[in-house]
Amino acid sequence: AVQEERRRLQRQQRRLQEVSITAKRLQDVELQQRTRAAQKIQGAYRCQKAKKELRRLKMNKAKQEHDKWDALKLMFRRERESLEKLREDKARRTKEHLDKQVQRYRHRVQGDAHGRQALDDRRHSDR
């Protein structure tokens, strides 16, 4: 009877051990699954983060390129405007110079005309 009791206890202990081993294995499997799932999620998160970062970098690069083009366009426009202003100034100065010359010529011609008229009057008065 004592031996039977001992065998029964040993069997019970063995079953408990097997159950605990099985439970432990199940826990290990669950832990592995959770770990894998967490790693997948983390990997997906990292991947998503990396994609966002890449997109942001591309946008920044595009913006910088755009800013460079805008700066170049602005520089060209300013240069063109300054050249136009220089041309306009030159044209204005040339026009003023020509106007002065024309005015001097007219003044000289009018002076000569008055002088000639006076000479003609004197000549006619002599006759």
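These numbers come from a predicted model, not from an experiment.
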Only one of E53, K61, R55 clears side chain to side chain contact (heavy atoms under 4.5 Å, CB included) with L57; which? E53

Straight-line distance of D89 CG to T94 OG1, nearest 0.5 Å: 10.5 Å

Applying the side chain to side chain contact (heavy atoms under 4.5 Å, CB included) criterion to R8, which one of E4, Q10, Q12 satisfies it? Q12

Can you see which heavy atom on T35 is nearest to which on L31, and at what distance? OG1-O, 2.5 Å

Greater than 12 external heavy atoms within 6.0 Å of Q3's CD: no

Show, in sequence, the C-alpha distance, side-chain angles and deciding distance for K52 and R56, and conclude whether the side-chain contact (heavy atoms from CB on, under 4.5 Å) test is met. CA-CA 6 Å; K52 279 183 184 176; R56 191 180 62 77; over 6 Å; no

Drop me the distance from N60's CG to H66's NE2, to the nearest 0.5 angstrom. 14.0 Å

Exceeds 12 heavy-atom contacts within 6.0 angstrom, atom CD of Q101: yes

With a 4.0 Å cut-off, would you call D99 and K95 a salt bridge? yes

Straight-line distance of L98 CG to R93 CZ, nearest 0.5 Å: 13.0 Å

How long is the span from the CG atom in L74 to the CG atom in D67, to the nearest 0.5 Å? 11.5 Å

Between NZ on residue K85 and CZ on residue R78, distance to nearest 0.5 Å: 14.0 Å

Before accepting this row, confirm whether a basic side-chain N of the pair E96/R92 lies closer than 4.0 Å to the acidic partner's carboxylate O. yes

Co-members of the apolar cluster containing M75 [side chain, <4.5 Å]: W69, L72, F76

Please report the interatomic distance CG(L16) to CG(L9), rounded to the nearest 0.5 Å. 10.5 Å

Is any side-chain heavy atom of E81 less than 4.5 Å from a side-chain heavy atom of R77? yes

Run the salt-bridge test on R15 and E18 with the 4.0 Å N-O cut-off and return the result as yes or no. no

